[in-house]
Amino acid sequence: MVGFKNRYLIMELFLDPNRGLVGDDPIIITQFNVSKAIKDSILVNFGECGLASTLGSFQVKYVNPITKLCIIRASREEYQKVWSAITMVRSIGNCPVLLNLLDLSGSIKACRSAALKCDELKFEQYKLVVGARLSADAMNQMQNYLEKIKILEH
């Protein structure tokens with residue numbers, strides 16, 4: 001018997017550039033918020049049947065609100081539908097966003113290594129932007145998020 005084939009999309013969230021890079025966001029980027037925005041986009045663009053066909057394996061596996069990186073799982077048959085719906089997401093809650101695909105993987109192992117690399121590079125950029133205002137709490141949170149990536153499973 002053949003295992004269920006999935007695709008893993010590593011996405012980058014861009015918040016409204018008029019808000020600036022630093023400061024508190026009015027909406028906290030969570031797995032639930034990202035998942036709801038994508039499901040709403042699938043429903044609007046592909047209808048109820050399109051949504052039902054993607055829900056079998058669709059899952060937001062990981063979201064990092066510091067670096068704005070997320071990992072999304074979709075079935076091999078439906079990942080293009082999910083990807084196209086993701087490109088049509090324009091807001092999460094009332095916060096305008098854009099999503100950019102950084103990597104597309106066929107296995108969780110390849111996804112994990114690509115996500116670790118991307119997250120570490122994005123956190124280095126974040127540290128440069130924030131500078132001396134970087135708190136020890138933010139460093140601990142980032143370490144926790146990196147550990148979450150390392151233990152990702154199907």
Side-chain angles (χ1 to χ4, degrees), residues 1-22 24-126 129 141-154:
M1 187 166 124
V2 177
F4 194 72
K5 305 288 185 179
N6 290 312
R7 293 289 179 256
Y8 297 90
L9 297 89
I10 300 175
M11 305 297 296
E12 180 179 30
L13 274 159
F14 291 105
L15 297 177
D16 183 8
N18 296 329
R19 294 187 190 280
L21 293 175
V22 242
D24 293 330
D25 298 322
I27 185 167
I28 297 170
I29 305 298
T30 63
Q31 288 179 322
F32 175 77
N33 292 340
V34 173
S35 178
K36 183 176 180 342
I38 295 170
K39 286 177 184 175
D40 289 346
S41 178
I42 294 170
L43 181 63
V44 167
N45 295 299
F46 298 102
E48 290 178 1
C49 288
L51 180 62
S53 68
T54 59
L55 285 182
S57 69
F58 175 79
Q59 183 183 10
V60 176
K61 300 286 284 179
Y62 168 81
V63 172
N64 186 333
I66 297 171
T67 60
K68 311 291 189 269
L69 193 81
C70 61
I71 298 174
I72 299 161
R73 181 186 73 188
S75 70
R76 186 170 66 176
E77 293 78 25
E78 300 291 333
Y79 84 93
Q80 290 174 327
K81 189 181 293 181
V82 172
W83 185 4
S84 62
I86 287 170
T87 61
M88 295 179 224
V89 170
R90 292 290 167 245
S91 65
I92 295 179
N94 60 354
C95 182
V97 297
L98 289 174
L99 286 118
N100 181 37
L101 180 73
L102 296 177
D103 191 61
L104 176 66
S105 301
S107 71
I108 192 71
K109 186 177 179 183
C111 173
R112 197 181 312 137
S113 64
L116 271 171
K117 186 173 139 185
C118 290
D119 229 5
E120 288 168 352
L121 291 172
K122 286 185 69 64
F123 189 62
E124 290 301 319
Q125 289 176 343
Y126 178 78
V129 169
Q141 281 182 333
M142 190 60 201
Q143 289 303 319
N144 290 341
Y145 285 119
L146 291 175
E147 289 299 318
K148 281 184 184 179
I149 291 177
K150 291 176 185 174
I151 61 170
L152 278 179
E153 293 294 327
H154 300 289

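- The nearest pair of heavy atoms linking Cys70 to Leu99 is SG-CD2, 4.5 Å.
- Closest non-hydrogen pair, Val60 versus Val63, comes out as CG1-CG2, 3.5 Å.
- Within the model, atoms CG of Asn45 and NZ of Lys81 stand 11.0 Å from one another, a figure rounded to the nearest 0.5 Å.
- The two residues Ser75 and Ser57 come nearest to each other via the heavy atoms N-OG, 2.6 Å.
- Interatomic distance, Leu43 CG to Ile38 CD1, rounded to the nearest 0.5 Å: 14.0 Å.
- When side chains are defined from C-beta on, Arg90 counts as touching Leu98, because their heavy atoms get closer than 4.5 Å.
- When atom types are taken as modelled, the side chain of Ser41 and the backbone of Ala37 share no donor-acceptor pair closer than 3.5 angstrom.
- A distance of 3.5 Å separates OG in Ser53 from CD in Glu78, rounded to the nearest 0.5 Å.
- Taking Glu147 as the reference, Lys150 meet the salt bridge (charged side-chain N to carboxylate O under 4.0 Å, His left out) condition, with sequence neighbours excluded.
- Of all the heavy atoms in Ala114 and Asp103, the pair that sits closest is CB-OD2, 3.5 Å.
- Enclosure of atom NZ in Lys122 by more than 12 non-hydrogen atoms of other residues, nucleotides or ligands within 6.0 angstrom is indicated.
- Glu120 pairs by the salt bridge (charged side-chain N to carboxylate O under 4.0 Å, His left out) definition with nothing, not counting sequence neighbours.
- In this structure, Lys61 fails the cation-pi test against Tyr8, since its NZ or CZ atom is not both closer than 6.0 Å to the six-membered ring centre and inside 45 degrees of the ring normal.
- Between the CG atom in Leu146 and the CZ atom in Phe123 there is a gap of 8.0 Å [rounded to 0.5 Å].
- A donor-acceptor contact shorter than 3.5 Å links the side chain of Arg112 to the backbone of Leu152.
- Between Asn6 atom CG and Ile72 atom CD1 the span is 13.0 Å, to the nearest 0.5 Å.
- In this structure, Ile149 and Asn64 have side chains that are not in contact, with every pair of non-hydrogen atoms separated by 4.5 Å or more.
- The structure places CG of Asn100 at 6.5 Å from CE of Met11, a figure rounded to the nearest 0.5 Å.
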